[in-house]
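Any value given below was found using the heavy atoms of this structure, including those in side chains, with hydrogens, waters and symmetry copies removed. Below, chains carry the letters A, B, ... as their sequence lines are ordered, and counting in each starts from 1. Note that the structure is a prediction, hence the values are computed from the model and not measured.
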Amino acid sequence: MDSPSRSNSLWKGKGKAKATDVDFEDLNPIITYRHLHSHNLSPRDPLRAIALCDSDAFYAACEQMRLGVDPAIPLVVRQWDSLIAVNYPARKFGISRMDRWDDALKKCPELKIVHVATYKEGDAEPGYWEKPDTRTHKVSLDYYRRESAKIYTMFKEGLPGAEIEKASIDEAFIDFTRPVREKLLERYPYLATVPDDAPEGIDSPLPPPPPISWDGLGVVVPIHPTADEEEQLLEDDNLTTWSDVALSIAAEMMGKVRADIHATLGYTLSAGIARNKFLAKLTASYRKPNNQSILRNYAIPDYLKPMPFQKIRFLGGKLGEALAREYDVKTCGDLLPISLEEMQRKFGEDSIWVYEILRGIDRSEVKEKSALTKSMLASKNLAEPVTKPSEGSHWIRVLAAELTLRLNDAREQSPGLWPKSIVLSIRQGWHLGRSKQAPFPFSRTVTADLIAAAGDKLWKELIGFDDSKPLPIKITHVGLSFTGIASTESGQRNIEGFFKAPDSMKIEERGTKRKSSATTEECAESTAITASRIVKDLDPGASSPTYFDCGRCGKRMSLPDDICDAEVGDDIKKQALAVLHTAHEDFHLALDLSRMPEEGTKTVKFRPDPPKKKKVRRSEPGGIARFLVKK
DNA sequence: GTGGATGAG
DNA sequence: CGCTCATCCAC
């Protein structure tokens, strides 16, 4: 457990040197007019103000709102036999996330238990059932995704100018720097111009900041946690900086949106506000639920030092464990004496990320994610293993139905969305897994059948299709996913240009039902090309055309003769033509996409800021390296 | 492209 | 071995 070879003094020997002096050097940087007036908001901006805002016990809150349950009632969300969300009232009973539902009920007989939505093959959409069967049903988190999207929308609308990065289904980072700066100049107009007598012109420091009232802005993390509050307040007041002013304005804005969201959607949120993402995240958990906390720069050292580093984002896993073991320590403060060189020697060049984090430094940016997701996975662990190919098809249809919903849903926001490939993965027993993927044909109208067909094909490639004899192995897990989802970001305008014919497309459904309420999605689906002409041609009463002329390539696309000649109603011919039309548009669209410069999806590193996997380049792969290097 | 690893909640 | 989801990377 301990490391006898390591001299204690090496890393505990710093004595009482003020960490503020030695390890945290940047707590009160000089802020000049240039900083304030620079239009180049960089991660080094001393007036940066970042928030992490997350929804309290989100799934539980969703169910509580959906069912109109009093928020004070203990409520949990159940998934099969365990719990996936526990609201705060329920936590008071000692119920926690991984508890079994029946154990939880023993702890709190009044507990309101809601099973997460599920669906089975053939269901149009997920539903809530008292007792869903794990053998036939699959969990759906769709409702939570939709509610999450509502919150995200309110963030965007309520915080113009702020950069917002959705970090997960229940949390988002918000960069307030720009709106805060505007407010700063508005509120303190004397900052707008460099005084004539400023010694160094635009590079002169700003005048002393005004005092701040934190009333109603949230909990302010104390600079030096002590028993004496009086003393604390006194000290804190004497140390106000412009950075604090910036944080207080951010807190103001954050508080307003939180209140707004609570009033409109009913969700309570907690937020942390600090100078960077990592600290914001850490600060958000300072006081929960339904609260926000502010971490001033001067409060960073004493907040961070006692903090178990394994609580830090990306240090919660094996890397954190490896660090803890290597040095036999727990807190951030414990790791401060480790030199950068030492850390890099053991954990690779990229450990500088960890080194800086421990000192409250994090330059990673809040960046709205262009494509909201790059992949979509629907998967299911099978309580009853699949032993026949036909059973596989069954689950594939279930999973395909979910992917259909989700992809079409995503397309409401970005019509050009398109998964490059579809992947079927299966697992047998406990670790052996295989997967197979194939290109996913672009199609404007994605149906469950289309996806299921693709999945079935992969299934056959993966395990064969002879239903007569049982599979040699038991499949315990089936997953169907889309990968390489591209949103044709830069081409958005082009594409929307195509997608703007009005209500022409419902013809596929029924020629007569013209004004059927077309959803935005369906409107977006219609394409310009020759749509208006087609609609005219399809005017009720006129005899059905059997071709159309493509406005883009000029080609005349005709129905196959056998359909033209067949003794079928006009309805059928209309439908057939619509299908042909759609297919042809898809062809053009795919062509457009392939020719389009891949701006949104080029080699931009998707996750530039988080810690790199530690590539250990080291002669001796012992010790921690074993965790980090593939065996 | 495939499989595995990592991480979050 | 909860269960479901997402991303990255070595091969």
*For the side chain of A:K281, counting heavy atoms from C-beta on, which of B:dG9, B:dG3, C:dC8 is nearest?*
B:dG9
_d(NZ, A:K374; P, B:dG1) in whole Å_ = 17 Å
*asked:* Rounded to whole Å, how long is the line connecting atom NZ of A:K138 with atom P of C:dT4?
replied: 6 Å
*Between A:K281 and A:E171, is there a side-chain N and carboxylate O pair less than 4.0 Å apart?*
yes
*May I ask you to say what A:R406 touches in the nucleic acid, namely base, sugar-phosphate or nothing, with a heavy-atom cut-off under 4.0 Å?*
sugar-phosphate
*asked:* By the 4.0 Å heavy-atom rule, please label A:R100 as base, sugar-phosphate, or nothing.
replied: nothing
*asked:* Rounded to whole Å, how long is the line connecting atom CD of A:Q428 with atom C1' of B:dG4?
replied: 15 Å
_As a test of reading the structure: which of C:dA6, B:dG7, C:dT4 is closest to the side chain of A:L319, going by heavy atoms?_
B:dG7
*So does A:R145 get a side-chain nitrogen or oxygen closer than 4.0 Å to the phosphate oxygens (OP1/OP2) of C:dC5?*
yes
*Atom pair distance, as rounded to whole Å: NZ in A:K311 and C1' in B:dG7*: 18 Å
*Verify, without hydrogens or angle tests, whether A:E163 (side chain) and A:E368 (backbone) share a donor-acceptor contact under 3.5 angstrom.*
yes
*Base, sugar-phosphate, or nothing for A:S379, non-hydrogen atoms under 4.0 angstrom?*
sugar-phosphate
*asked:* With a cut-off of less than 4.0 Å, is there a side-chain N or O of A:S168 near OP1 or OP2 of B:dG9?
replied: no
*What integer distance in Å separates A:F314:CZ from C:dC8:C1'?*
11 Å
*Using a cut-off of 4.0 Å on non-hydrogen atoms, how would the nucleic acid contact of A:A85 be classed: base, sugar-phosphate, or nothing?*
nothing
*Is there a donor-acceptor contact under 3.5 Å linking the side chains of A:S364 and A:D362?*
yes
_Least distance between heavy atoms, A:H477 atom then A:S379 atom_ = NE2-CB, 3.6 Å
*What orientation do A:Y286 and A:Y303 show, parallel under 30°, tilted 30 to 60°, or perpendicular over 60°?*
perpendicular
*Could you work out which one of C:dA6, B:dG9, B:dG3 sits closest to the side chain of A:D170?*
B:dG9
*Can we say A:K120 and A:D123 salt-bridge, meaning some charged N sits less than 4.0 Å from an Asp/Glu carboxylate O?*
yes
*Check every atom of C:dC5, C:dG2, B:dT6 against the side chain of A:L141 and return the nucleotide holding the closest atom.*
C:dC5
*Would you kindly give the NE2-to-P distance between A:H115 and C:dC3, to the nearest whole Å?*
11 Å
*Given B:dG3, B:dG7, C:dT4, the nucleotide with the shortest approach to the side chain of A:K318*: B:dG7
*Atom NE2 of A:H477 to atom P of B:dG4: distance rounded to whole Å?*
13 Å
*Is A:S82 near enough to C:dC3 that one of its side-chain N or O atoms lies under 4.0 angstrom from OP1 or OP2?*
no
*Between C:dC5, C:dG2, C:dC3, which nucleotide has the shortest distance from any of its atoms to the side chain of A:L377?*
C:dC5
*Which part of the nucleic acid, if any, lies within reach of A:I84 when heavy atoms closer than 4.0 Å are counted: base, sugar-phosphate only, or nothing?*
base
_Length of the CD1-P vector between A:I312 and B:dA8, whole Å_ = 11 Å
*Verify the contact: side-chain N or O of A:W101 to OP1 or OP2 of C:dG2, cut-off strictly under 4.0 Å; return yes or no.*
no
*Output the single nucleotide from C:dT7, C:dT4, B:dG9 whose closest atom is nearest the side chain of A:Q79.*
C:dT4
